[in-house]
Amino acid sequence: MTELVHWTSEPPALRSPILLIALDGFVDAGEVGDHAAVFLRHRWVADKIAELDSDAFLDFRARRPSVVVDAGVVNRLEWPRIELYAAQLEGARDALLLVGPEPDMAWHALVDEVAAICDRLGVVRAVTLGAYPAATPHTRPVGIAQASNAIDGPPLDDATPVAGYTGPVGAATVLQAELADRGVPVLGLWAEVPHYIAGSPNPSGALAMVRTVAELLGVEVDVAELEAAAKLHREQVDEAVADHDEAAELISNLEEISDAGEKDADVPSGEALADEIERFLRSED
């Protein structure tokens with residue numbers, strides 16, 4: 001029988017670890033969850049301890065490997081991977097990070113393997129990281145929404161409960177539901193990304209997510225790099241909309257909705273604005 005988890009090193013002794021799950025794809029507007037997890041992995045100097053079997057979980061026609069060719073020679077072939085990292089922190093508990101592409105198949109097996117990882121490493125809570133497009137302006141702080149399953153304590157004070165939803169979900173939400181059924185407390189966190197810039201990377205969302213995770217773990221995280229990226233991104237979006245009356249009106253309406261706390265308000269259309277802003281941001285990149 002094929003082993004679906006390949007341990008690349010012996011896991012360190014971890015203190016009541018929290019498992020952070022960030023699988024890019026559906027739903028992660030602005031790549032917030034992915035960028036927040038990668039930022040924390042580097043900031044914590046986390047060590048890779050395992051990876052999931054790519055052949056079992058990924059469709060390489062949908063997520064093709066990449067290659068580096070130099071002077072007519074294929075020097076490096078890079079495969080998409082779902083990896084597990086361990087970070088030993090200064091606070092009262094440590095962290096694990098499950099990062100990589102959302103699996104294309106074998107989701108039931110994914111649940112079994114992640115549950116086994118939680119059992120082996122003594123995970124006390126899992127936290128999924130993601131983001132969704134929301135009726136919120138880029139001129140206001142990014143909100144964090146939460147949904148908890150089998151949590152053994154109060155939810156985060158600064159996060160708001162996710163409104164009612166019925167519809168398709170990603171693998172991270174499947175893990176949230178299934179791990180809770182197996183006795184692992186799970187907290188789902190989603191950044192609320194302005195819908196008109198949801199298709200491009202959003203460092204403000206990643207910053208808000210990192211701060212929320214740091215609060216949850218009770219640790220200090222140096223976010224100066226993310227703060228600088230968020231400031232630059234805000235300036236770029238401001239510049240992109242400065243000369244457009246329609247954009248100014250849309251954002252003004254969103255500011256009124258946000259300031260009034262009208263979470264269920266109708267979202268003003270921003271499709272044309274979104275296309276123009278994202279073209280501008282790509283040109284700036």
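- In this structure, the separation between CG on Asp24 and NE2 on His35 is 9.0 Å, given to the nearest 0.5 Å.
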Before you tell me yes or no, could you show the steps for Glu192 and Ile144 under side chain to side chain contact (heavy atoms under 4.5 Å, CB included), namely the whole-Å CA-CA distance, both residues' side-chain angles and the distance that decides it to 0.1 Å? CA-CA 6 Å; Glu192 297 177 325; Ile144 300 292; over 6 Å; no

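- Side-chain contact, Tyr196 with His138: a donor N or O sits under 3.5 Å from an acceptor N or O.
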Could you please spell out the steps behind the salt bridge (Lys or Arg N to Asp or Glu O under 4.0 Å) verdict for Glu220 and Arg43? CA-CA 11 Å; Glu220 296 289 334; Arg43 185 64 72 225; over 6 Å; no

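- With sequence neighbours excluded, the residues satisfying side-chain contact (heavy atoms from CB on, under 4.5 Å) with Phe60 are Ser54, Asp55, Leu58, Pro65, Trp79, Pro80.
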side-chain hydrogen bond (donor to acceptor under 3.5 Å, both in side chains) between His233 and Asn202: does it pass, once the steps are laid out? CA-CA 8 Å; His233 182 260; Asn202 192 294; 4.6 Å; no

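- Hydrophobic clustering, with ILVMFWY side chains joined whenever heavy atoms are under 4.5 angstrom apart, keeps Val142 apart from Leu232.
- Within a 6.0 Å radius of CD in Glu225, no more than 12 heavy atoms belonging to other residues, nucleotides or ligands are found.
- In this structure, Gly91 and Arg15 approach most closely via the heavy-atom pair O-NH1, 2.7 Å.
- For the residue pair Phe57 and Glu113, the shortest heavy atom distance occurs at CZ-CG, 4.5 Å.
- Applying the side-chain contact (heavy atoms from CB on, under 4.5 Å) criterion to Val114, with sequence neighbours excluded, gives Leu19, Leu98, Leu110, Cys118, Leu175, Leu179.
- Between the CG atom in Leu20 and the CZ atom in Arg41 there is a gap of 12.5 Å [rounded to 0.5 Å].
- Across all non-hydrogen atoms, the minimal contact from Ala37 to Leu97 is O-CD2, 3.5 Å.
- Closest heavy-atom contact between Gly33 and Ala22: O-CB, 3.5 Å.
- A pairwise comparison of heavy atoms in Ala171 and Leu23 identifies CB-CD1, 4.2 Å as the closest pair.
- Not one N or O on the side chain of Arg76 forms a donor-acceptor pair closer than 3.5 Å with the backbone of Val69.
- Panel note: side chain Asp94, backbone Pro17; no donor-acceptor pair is recorded below 3.5 Å.
- Not a single donor-acceptor pair under 3.5 Å links the side chain of Asp70 to the backbone N or O of Val73.
- Note on Val169 and Val111: same hydrophobic cluster, where clusters join Ile, Leu, Val, Met, Phe, Trp and Tyr whose side-chain heavy atoms are under 4.5 Å apart, directly or indirectly.
- In this structure, the side chains of Thr128 and Leu189 stay at 4.5 Å or more apart for every pair of heavy atoms.
- How far CD1 of Ile49 is from CG of Leu84: 4.0 Å, rounded to the nearest 0.5 Å.
- In this structure, the side chains of Asp104 and Arg63 come closer than 4.5 Å at one or more pairs of heavy atoms.
- Contact annotation: the side chain of Val193 never approaches that of Tyr132 to less than 4.5 Å [non-hydrogen atoms, C-beta and beyond].
- Side chain of Thr212 to main chain of Ala208: a donor-acceptor pair is present (N/O by atom type, distance under 3.5 Å, no hydrogens or angles).
- Side-chain contact check for Arg125 versus Val184: every heavy-atom pair is 4.5 Å or farther apart.
- To the nearest 0.5 Å, the span separating CZ on Arg140 from CD1 on Ile251 amounts to 10.5 Å.
- The shortest side-chain heavy-atom distance between Val127 and Ile21 does not fall under the 4.5 Å cut-off.
- Two residues are said to be in side-chain contact when any heavy atoms from C-beta on lie closer than 4.5 Å; Val123 and Leu96 meet this criterion.
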What do the steps show when you test Arg93 against Ile18 for side chain to side chain contact (heavy atoms under 4.5 Å, CB included), and what is the final call? CA-CA 8 Å; Arg93 60 184 57 190; Ile18 286 182; 3.5 Å; yes

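- Residues Trp190 and Leu129 are not in side-chain contact: their nearest non-hydrogen atoms beyond the backbone lie 4.5 Å or more apart.
- Residues Tyr85 and Glu51 are not in side-chain contact: their nearest non-hydrogen atoms beyond the backbone lie 4.5 Å or more apart.
- Scanning all heavy atoms of the two residues, the minimum distance from Ala135 to His195 falls at CA-ND1, 4.4 Å.
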Applying salt bridge (Lys or Arg N to Asp or Glu O under 4.0 Å), run through Asp53 and Arg81 and close with a yes or a no. CA-CA 8 Å; Asp53 185 88; Arg81 303 179 190 277; over 6 Å; no

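- Of the possible donor and acceptor atoms, none in the side chain of Asn75 sits under 3.5 Å from a partner among the backbone N and O of Val68.
- Rounded to the nearest 0.5 angstrom, Lys231 NZ and Glu227 CD are separated by 11.5 Å.
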Apply side chain to side chain contact (heavy atoms under 4.5 Å, CB included) to the pair Trp7 and Ile117, showing each step before the final yes or no. CA-CA 11 Å; Trp7 296 92; Ile117 288 171; 4.2 Å; yes

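- Between atom CG of residue Leu226 and atom OG of residue Ser204 there is a gap of 9.5 Å, rounded to the nearest 0.5 Å.
- Linking ILVMFWY side-chain heavy atoms closer than 4.5 Å, directly or via other members, places Val38 and Val213 in two distinct hydrophobic clusters.
- Around the CD atom of Glu78, the shell of radius 6.0 Å holds more than 12 heavy atoms that belong to other residues, nucleotides or ligands.
- A donor-acceptor distance shorter than 3.5 angstrom exists from the side chain of Gln88 to the backbone of Ala13, with no hydrogens or angles considered.
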